[in-house]
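By convention in this document, chain letters (A, B, ...) are assigned in the order of the sequence lines, proteins followed by strands, and residues within each chain are numbered from 1. Just so you know, these numbers use all the heavy atoms, side chains as well, and skip hydrogens, waters and symmetry mates.
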There are 4 protein chains.
Amino acid sequence: MTETPKKFRRRAEARPDEVLDAALAVFVEKGYAAAKVDEVARRAGVSKGTVYLYFPSKEALIEGIVRRAVAPIALRALPDLETYEGDPRVPITMLLTVLIQQLARPEAIAVPKLILREVLSFPFIATFYRNEVLDKVMPALVRLIRRGVDSGTLRKVDPELTVRSIIGPLLAHVALGELFGIMPEGGDLALDRFVANHLDILFHGISTQPAEARP
Amino acid sequence: MTETPKKFRRRAEARPDEVLDAALAVFVEKGYAAAKVDEVARRAGVSKGTVYLYFPSKEALIEGIVRRAVAPIALRALPDLETYEGDPRVPITMLLTVLIQQLARPEAIAVPKLILREVLSFPFIATFYRNEVLDKVMPALVRLIRRGVDSGTLRKVDPELTVRSIIGPLLAHVALGELFGIMPEGGDLALDRFVANHLDILFHGISTQPAEARP
Amino acid sequence: MTETPKKFRRRAEARPDEVLDAALAVFVEKGYAAAKVDEVARRAGVSKGTVYLYFPSKEALIEGIVRRAVAPIALRALPDLETYEGDPRVPITMLLTVLIQQLARPEAIAVPKLILREVLSFPFIATFYRNEVLDKVMPALVRLIRRGVDSGTLRKVDPELTVRSIIGPLLAHVALGELFGIMPEGGDLALDRFVANHLDILFHGISTQPAEARP
Amino acid sequence: MTETPKKFRRRAEARPDEVLDAALAVFVEKGYAAAKVDEVARRAGVSKGTVYLYFPSKEALIEGIVRRAVAPIALRALPDLETYEGDPRVPITMLLTVLIQQLARPEAIAVPKLILREVLSFPFIATFYRNEVLDKVMPALVRLIRRGVDSGTLRKVDPELTVRSIIGPLLAHVALGELFGIMPEGGDLALDRFVANHLDILFHGISTQPAEARP
DNA sequence: AATGAATGAGTTTTCATTCAT
DNA sequence: AATGAATGAAAACTCATTCAT
């Protein structure tokens with residue numbers, strides 16, 4: 001009964017989501033300021049009026065996008081990082097693997113791209129993303145590294161700064177590909193090879209014992 | 001050469017540069033599309049008409065900024081990378097040190113910020129920056145790493161992908177600070193400590209022999 | 001007649017009236033052009049569609065309000081003025097007393113306020129109100145005054161212009177209070193005191209014999 | 001040199017005034033909410049952009065109109081009322097005569113019409129007009145009447161309420177003519193005859209001695 | 001009879017660009 | 001060379017009206 005019975009249905013409660021999808025696509029393509037609400041509407045297959053029926057302003061669209069996308073992120077990644085007890089390299093591997101899998105999906109990469117582009121124009125994005133994601137994930141990573149250092153698994157690195165060494169290469173890899181079209185020879189992003197190379201260097205770099213961490 | 005030869009020359013040919021400075025500041029602050037030519041003129045201390053006297057359009061401003069800034073970059077960094085023969089960790093250290101020193105200067109960080117923000121909107125930025133900087137610096141780095149691997153100084157890492165491990169942490173460090181206001185405990189960017197930690201991990205990660213590389 | 005005959009009749013035919021009540025309130029508050037049909041519906045406790053079920057357009061609402069309100073006015077006031085034979089000051093006193101009593105009721109004052117606001121925008125209001133009210137009441141008043149002058153009860157005033165001296169002060173009193181919040185000391189409109197003062201001056205001003213007109 | 005040398009001059013500093021003139025005309029004709037900025041611009045003979053060059057919003061136009069018009073009013077009328085020492089009927093006659101002369105000029109009547117129409121929508125109009133005009137003129141009138149009562153020239157009327165009897169008939173006369181097209185027989189507003197009849201009744205009504213006030 | 005989601009024409013507002021001075 | 005008043009095309013936003021349910 002609550003399933004969508006026919007092809008032609010009004011009052012789809014999916015509307016706001018469809019509008020946000022369209023807005024995300026247009027914002028990423030043109031940038032927020034250069035995007036036209038008219039085009040968002042067209043891509044969502046509705047009229048301009050309908051966009052304003054669900055969102056009070058153009059700015060509310062970007063806010064809606066960020067809120068909708070950011071909420072689930074931390075929830076998924078965090079538990080793994082926090083609960084794991086043993087060798088910190090295991091959850092780090094998992095985190096990067098999950099991130100890389102996300103980034104392989106074009107819809108998933110759109111939000112980070114939008115955030116990077118617009119964070120300077122919309123302070124609320126910085127605040128919101130910090131509160132909901134960074135301030136949860138980064139301290140968890142820091143604790144993880146600190147535990148590794150304390151337990152002697154990791155060398156005496158600075159936990160806070162080392163976080164940059166974990167996520168930075170990933171950021172660089174995606175930025176080079178997405179922004180400048182620079183990919184490793186072969187033509188695609190070669191995500192698996194990249195993660196392997198990154199973790200190889202990283203774990204060699206931070207572990208006290210050379211190599212046995214991975215089989 | 002930089003002295004003012006006559007008494008009544010006003011700042012003469014400095015005008016276009018002053019306009020570009022102002023435009024850069026405004027574009028970084030608001031984003032290109034949201035920036036107003038009016039405000040560029042006001043900050044440059046000239047009238048709107050004068051801006052159009054030197055630049056045919058708003059878009060010419062961003063082009064001017066990118067061209068002016070990008071040209072000198074490659075020229076400075078390249079020779080070091082290319083000519084150095086011995087241990088590749090030396091020029092890498094130099095490169096990162098130079099980069100970090102640049103990024104400490106607010107004017108110098110503005111251009112990369114602008115490029116990151118607007119590449120997606122202005123394909124010419126991607127092309128230009130690729131041609132002038134990335135396609136020169138990155139292959140040089142790749143060759144450097146490959147030489148290190150071949151000569152046995154470095155472990156068998158993938159040279160192309162390892163470039164991401166060299167510049168990525170720097171990118172992450174600056175992005176966290178500039179975009180989200182996230183800095184290591186202590187309140188400033190702690191650039192020296194960061195580079196030290198980064199290189200420590202990196203060189204441990206890529207070298208065949210543990211630590212003696214640097215005195 | 002005003003009882004609800006059956007249990008399940010809802011408020012049936014009262015609907016259009018409730019809509020007009022709501023429209024009147026909103027129109028007076030915001031002005032016709034700035035009022036939204038949406039808000040009229042909300043205040044009437046119905047949906048926007050229902051408003052259009054009873055009235056073909058927004059303009060039909062203002063027309064409905066004016067028609068509904070104006071019809072009964074003349075009918076009530078007129079007979080008294082026309083049929084009275086003796087001292088004209090008696091029906092004038094009655095007229096002003098009735099008017100003042102009306103104006104004390106907030107619902108009753110709303111229509112004149114609306115008419116004053118919107119006559120200039122809706123010529124039909126001017127025509128309609130003129131035909132239904134002014135062209136009936138004013139000539140009756142003029143005849144009344146003329147009879148008073150002819151019979152020697154009133155001084156030789158211009159009957160047509162004197163009508164302004166009868167209703168004008170009332171208009172001023174209400175306008176000052178309703179539009180500018182200016183009331184006599186004491187805080188309320190002091191309607192009784194005002195009518196007494198007004199009639200005192202008026203009758204002194206138009207009567208041939210000083211004061212004994214009223215006991 | 002600062003005179004306007006040629007027919008064709010830009011940067012007329014009269015521009016803002018011309019725009020306000022046009023806005024006043026349109027607002028009175030259609031009402032503020034129904035007026036289009038486009039039409040204001042057209043009537044002022046400038047482009048829409050120029051309107052916004054001088055006024056930041058449509059609302060600023062109505063504010064500009066009210067401020068420009070209201071400022072001089074009180075200044076002109078007040079001194080006469082305040083300084084006069086003798087028979088209060090003299091300054092009252094002067095006040096009404098001046099008002100009537102003003103109202104004979106179509107441009108002068110436009111502002112009061114606009115204020116009456118829009119005062120309910122723009123609270124600042126009520127406040128501003130009260131502060132600048134009503135709260136200055138009305139107390140002056142009240143004091144004038146009180147002096148008359150105290151000195152025995154006037155009967156024991158309530159000074160505050162009597163103000164309504166002075167200005168009310170004028171208000172009624174103008175409202176009937178301007179809003180409903182109702183004029184005394186003869187076709188025009190017959191302003192002189194009206195003032196004569198009004199003052200005749202008023203002074204008869206409020207004076208202790210029947211008639212000699214006027215020759 | 002009643003709803004309220006959807007529309008799109010119409011309005012306010014913005015701003016890059018021009019040009020007379 | 002420099003100005004800044006003026007423009008008008010384009011964009012955000014509103015709201016009376018419609019119509020499938």
> Let me check I have this right: for DNA chain E, each base becomes ., (, ), [, ] or |, based on Watson-Crick or G-U pairs with both distances under 3.5 Å. What is the full string?
.||||||||||||||||||||
> When you get a sec, tell me which of F/dT7, E/dG4, E/dT18 is the closest nucleotide to the side chain of D/V46?
F/dT7
> Tell me: CG of A/L53 to P of F/dC13, nearest whole Å?
15 Å
> Write down the atom of C/K30, the atom of C/R117, and the distance for their closest heavy-atom approach.
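Heavy-atom minimum between the residues: C-NH1, 3.5 Å.
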> Mind listing the closest non-hydrogen atom pair of B/Y54 and B/P16 along with its distance?
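Heavy-atom minimum between the residues: CD2-CG, 3.7 Å.
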> Is it the case that the side chain of B/Y32 and the backbone of A/A33 share a donor-acceptor pair, with hydrogens and angles ignored and the cut-off at 3.5 Å?
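No; zero donor-acceptor contacts below 3.5 Å.
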> Rounding to an integer number of Å, can you tell me how far A/L61 CG sits from F/dA11 P?
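Those two atoms, CG and P, are 16 Å apart.
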> Expressed as a whole number of angstroms, how long is the span from D/E39:CD to E/dG10:P?
15 Å
> At less than 4.0 Å, is any side-chain N or O atom of A/T50 found next to OP1 or OP2 of E/dT7? Yes or no.
yes
> NA contact type, A/A34, heavy-atom cut-off 4.0 Å: base, sugar-phosphate, or nothing?
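It contacts nothing in the nucleic acid.
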> Starting from C1' on E/dA9, measure out to NZ on D/K36 and report it in whole angstrom.
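Value for this atom pair: 12 Å.
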> Could you report the tightest heavy-atom contact between D/I115 and D/V70, atom names first, then the distance?
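In terms of heavy atoms, the two residues are closest at CD1-CG2, 4.2 Å.
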> To the nearest angstrom, how far is C/R42 atom CZ from E/dT3 atom C1'?
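In whole Å, E/dT3 C1' and C/R42 CZ are 15 Å from each other.
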> Is D/V51 close to D/L61 at the side-chain level, that is, under 4.5 Å between some pair of heavy atoms?
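Yes, side chains in contact.
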> With the side chain of C/V37 defined as its heavy atoms from C-beta on, choose the nearest nucleotide among F/dT17, F/dG4, F/dT7.
F/dT17
> Judged by each residue's nearest nucleotide on DNA chain E, which is more toward the 5′ side, D/A33 or B/A33?
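Nearest nucleotide further toward 5': that of D/A33.
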> Please check: side-chain N/O of D/K58 versus main-chain N/O of D/A35, any donor-acceptor pairing under 3.5 Å?
yes
> Without decimals, in angstroms, what is the distance between C/R15 CZ and E/dA1 C1'?
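In whole Å, E/dA1 C1' lies 9 Å from C/R15 CZ.
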> Atom CD of C/E63 and atom CG of C/L20: how far apart are they, to the nearest 0.5 Å?
11.0 Å
> Taking only side-chain nitrogens and oxygens of B/Y54, does any of them come within less than 4.0 Å of OP1 or OP2 of F/dA2?
yes
> Measure the distance from CD on D/E18 to C1' on F/dA5 and round it to the nearest whole Å.
13 Å
> Specify the residue among C/S57 and D/G49 whose closest nucleotide of DNA chain F lies further upstream toward the 5′ end.
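Of the two residues, D/G49 wins.
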> 5'-most contact on DNA chain E: B/K58 or D/D38, nearest heavy atom basis?
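Closest to the 5' end, via its nearest nucleotide, is D/D38.
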> CZ of D/F180 to CG of C/N131: how many Å apart, nearest 0.5 Å?
11.5 Å
> Students often get this wrong, so: under 4.0 angstrom with heavy atoms, is C/A41 touching a base, only sugar-phosphate, or nothing?
nothing
> Expressed as a whole number of angstroms, how long is the span from B/I62:CD1 to E/dA16:P?
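In whole Å, E/dA16 P lies 13 Å from B/I62 CD1.
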> Taking OP1 and OP2 of F/dA6, is either one under 4.0 Å from a side-chain nitrogen or oxygen of D/Y52?
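No, outside the criterion.
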> Determine whether a donor-acceptor pair (one donor, one acceptor, N or O, separation below 3.5 Å) exists between the side chain of D/K48 and the base of E/dT13.
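In this structure, the two groups form a donor-acceptor pair.
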